[in-house]
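Written out below as structure tokens is the structure these notes cover.
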Protein chains: 2
Amino acid sequence: MAPLQKSIDKRNALIKATIELVNNNGFHATPMSKIAKIANVSPATIYLYFENKQDLVNQTYMEVKAKYTTYAFATYNQNMPVEEGFKIIWKRIADFKLKECENAMFLAQCDNTPMIDEPSLQEGIKHLQPLLDLWECGKKEGIIKPLSNYLLYAYAINPLSFLIMSEKRGSFKLDKVHIEEAYLSAWNSIKVIT
Amino acid sequence: MAPLQKSIDKRNALIKATIELVNNNGFHATPMSKIAKIANVSPATIYLYFENKQDLVNQTYMEVKAKYTTYAFATYNQNMPVEEGFKIIWKRIADFKLKECENAMFLAQCDNTPMIDEPSLQEGIKHLQPLLDLWECGKKEGIIKPLSNYLLYAYAINPLSFLIMSEKRGSFKLDKVHIEEAYLSAWNSIKVIT
DNA sequence: TATATAAAAATGAACGTTCATTCTTTTATT
DNA sequence: AATAAAAGAATGAACGTTCATTTTTATATA
């Protein structure tokens with residue numbers, strides 16, 4: 001194995017361990033020692049890849065957020081009609097949250113606690129731009145309600161986080177039918193009613 | 001001042017301090033010593049009112065959740081028509097989240113992290129029963145879509161949390177107009193479309 | 001190609017600090 | 001004066017981080 005690859009593997013193992021432990025215990029209750037143990041690495045080794053604990057979690061956040069948005073926009077392109085574009089993005093997001101549940105939960109925690117530095121948070125938000133652009137376009141065409149992007153996001157995208165959380169807690173099972181129903185609710189709350 | 005009142009004051013001060021510090025730093029980054037200092041109390045005194053740190057935060061959660069639901073249902077009664085009942089509850093929730101922003105943020109953090117014991121979490125959820133009953137009633141009458149209560153909650157109530165978070169982060173200002181728009185989105189995503 | 005040397009990566013033990021909690025003393029109440 | 005409440009100092013455990021050292025990898029030499 002190439003030596004560089006080995007380094008990448010270790011970094012990935014550390015990020016994976018961080019997600020797992022933070023999901024189960026929260027940021028401040030996951031000691032570096034445990035992260036090291038799960039990643040099969042010495043505690044000191046972490047500091048070869050990351051400045052400190054805060055840097056580790058910031059970088060983990062940005063990496064997961066990038067993965068999330070890359071996945072969300074993978075099958076979308078700007079030439080699609082607004083409704084189709086939205087549907088494709090929404091479904092991909094739902095897909096990601098279901099398949100990559102660990103990652104999705106980690107993001108939810110980051111977005112609801114003082115865990116991540118403000119600059120890293122801002123950095124993560126930037127990746128959503130294509131969706132915001134799509135909405136602007138839809139508003140111009142009179143297809144999407146003239147609401148602020150925050151309201152659109154709150155009613156169309158964010159509810160998925162809540163559902164994933166309920167599913168994780170075991171109080172609710174998200175199947176294909178529910179996803180379809182959820183999509184219709186989402187679209188319904190942002191589309192212009194004719 | 002009666003000695004009992006003084007005790008209640010101290011307990012309240014401790015709970016208030018806990019909310020403030022956890023909001024700004026997260027659970028594990030709020031030391032008992034700091035909570036004591038903000039509450040103008042000795043660290044040891046905390047243990048006269050609470051078993052330990054976990055108990056303090058559990059009780060804080062249940063207290064805030066109870067306050068939240070009491071407020072939400074204060075002007076609602078079961079004899080109202082479904083649409084009116086929902087509107088009244090929704091508006092009260094929005095009102096609470098705006099006015100008692102600190103409390104709302106604390107709840108959001110509790111609901112998205114491993115901070116609170118599962119039993120306390122379950123205890124907190126129970127208080128929402130009147131809303132679930134209203135929805136059941138609405139479904140029977142054909143006014144509300146036959147969706148699971150989790151989906152209804154995800155699309156009608158939960159988005160408010162996201163908006164409050166955006167507002168707190170300073171990226172968005174929630175005024176009366178936005179609240180009205182948000183309400184319409186909420187109702188629109190759960191009502192049967194005729 | 002085989003060996004020697006240098007560089008880089010990784011390690012485990014150790015340090016200083018911080019924390020939740022307890023213990024002992026002081027202050028207030030009846 | 002007796003009792004209860006509160007305070008602050010004390011304690012041991014756990015944490016993030018550093019450092020001296022070892023192990024692995026790359027480079028140079030013959």
Side-chain angles (χ1 to χ4, degrees), chain A residues 1-61 106 109-110 113-117 120, chain B residues 1-61 106 109-110 113-117 120:
Chain A
M1 191 190 304
L4 191 60
Q5 181 58 44
K6 207 171 141 192
S7 277
I8 293 175
D9 285 348
K10 256 176 203 174
R11 190 174 178 281
N12 286 341
L14 283 168
I15 286 189
K16 191 160 175 283
T18 302
I19 295 169
E20 181 185 329
L21 288 169
V22 168
N23 271 349
N24 289 321
N25 311 107
F27 171 42
H28 283 283
T30 35
M32 295 295 258
S33 56
K34 233 184 249 173
I35 295 176
K37 197 173 283 174
I38 301 277
N40 266 312
V41 140
S42 160
T45 305
I46 300 179
Y47 294 86
L48 299 175
Y49 296 88
F50 304 96
E51 251 179 67
N52 49 38
K53 196 183 176 184
Q54 186 64 54
D55 181 48
L56 165 60
V57 81
N58 283 343
Q59 287 202 41
T60 303
Y61 172 74
F106 180 79
Q109 201 170 156
C110 292
T113 65
M115 185 174 131
I116 303 291
D117 282 347
S120 306
Chain B
M1 197 189 300
L4 191 62
Q5 182 56 44
K6 207 170 140 192
S7 277
I8 292 175
D9 285 348
K10 258 179 200 170
R11 190 174 178 280
N12 286 340
L14 283 167
I15 286 189
K16 191 159 175 282
T18 302
I19 294 168
E20 181 186 330
L21 288 168
V22 168
N23 272 351
N24 289 321
N25 311 107
F27 171 42
H28 283 283
T30 34
M32 294 295 258
S33 55
K34 233 184 248 176
I35 296 175
K37 198 175 282 174
I38 300 278
N40 265 311
V41 142
S42 160
T45 305
I46 300 179
Y47 294 87
L48 299 174
Y49 296 88
F50 304 96
E51 252 178 67
N52 49 40
K53 196 183 176 184
Q54 187 64 54
D55 181 47
L56 165 60
V57 81
N58 283 343
Q59 287 201 40
T60 303
Y61 171 74
F106 181 79
Q109 199 168 160
C110 291
T113 65
M115 185 174 130
I116 303 291
D117 282 349
S120 306

Expressed as a whole number of angstroms, how long is the span from K37(A):NZ to dT11(C):P? 14 Å

Spacing of K53(A) atom NZ relative to dT18(C) atom C1', expressed in whole Å: 13 Å

Considering just the side-chain nitrogens and oxygens of Y49(B), establish if one lies under 4.0 Å of OP1 or OP2 belonging to dA6(D). yes

Roughly, in whole Å, what's the span from CZ in R11(B) to P in dA6(D)? 14 Å

Closest to the Y47(B) side chain, choosing from dT11(C), dA20(C), dT17(D): dA20(C)

Using whole Å, what does the distance between atom P of nucleotide dA20(C) and atom CG of D55(B) come to? 14 Å

By nearest-nucleotide position on DNA chain D, the 5'-leaning member of P43(A) and S42(B) is S42(B)

For dA9(C) and K10(A) - does any side-chain N or O of the residue sit under 4.0 Å from the phosphate oxygens OP1/OP2? no

Less than 3.5 Å apart, any donor N or O on the side chain of E20(A) or N24(A) sitting next to an acceptor on the other? no

Between I46(A) (CD1) and dG12(C) (P), how many Å, whole number? 13 Å

Mind calculating the distance between CG (L48(A)) and C1' (dT24(D)) to the nearest angstrom? 13 Å

Side chain to side chain contact (heavy atoms under 4.5 Å, CB included) assessment of M32(A) paired with Y47(A): CA-CA 10 Å; M32(A) 295 295 258; Y47(A) 294 86; 3.3 Å; yes

Using atom types as modelled and distance alone, determine if a side-chain donor or acceptor of N25(A) lies under 3.5 Å from a backbone N or O of T30(A). no

Given dT11(C), dA6(D), dT17(D), the nucleotide with the shortest approach to the side chain of A44(A): dT11(C)

Look only at the side chain of Q54(B) and the backbone of M115(B), and say whether a donor-acceptor pair between them is shorter than 3.5 Å. yes

Any idea which of dA5(D), dA10(C), dA20(C) is nearest the P31(B) side chain? dA20(C)

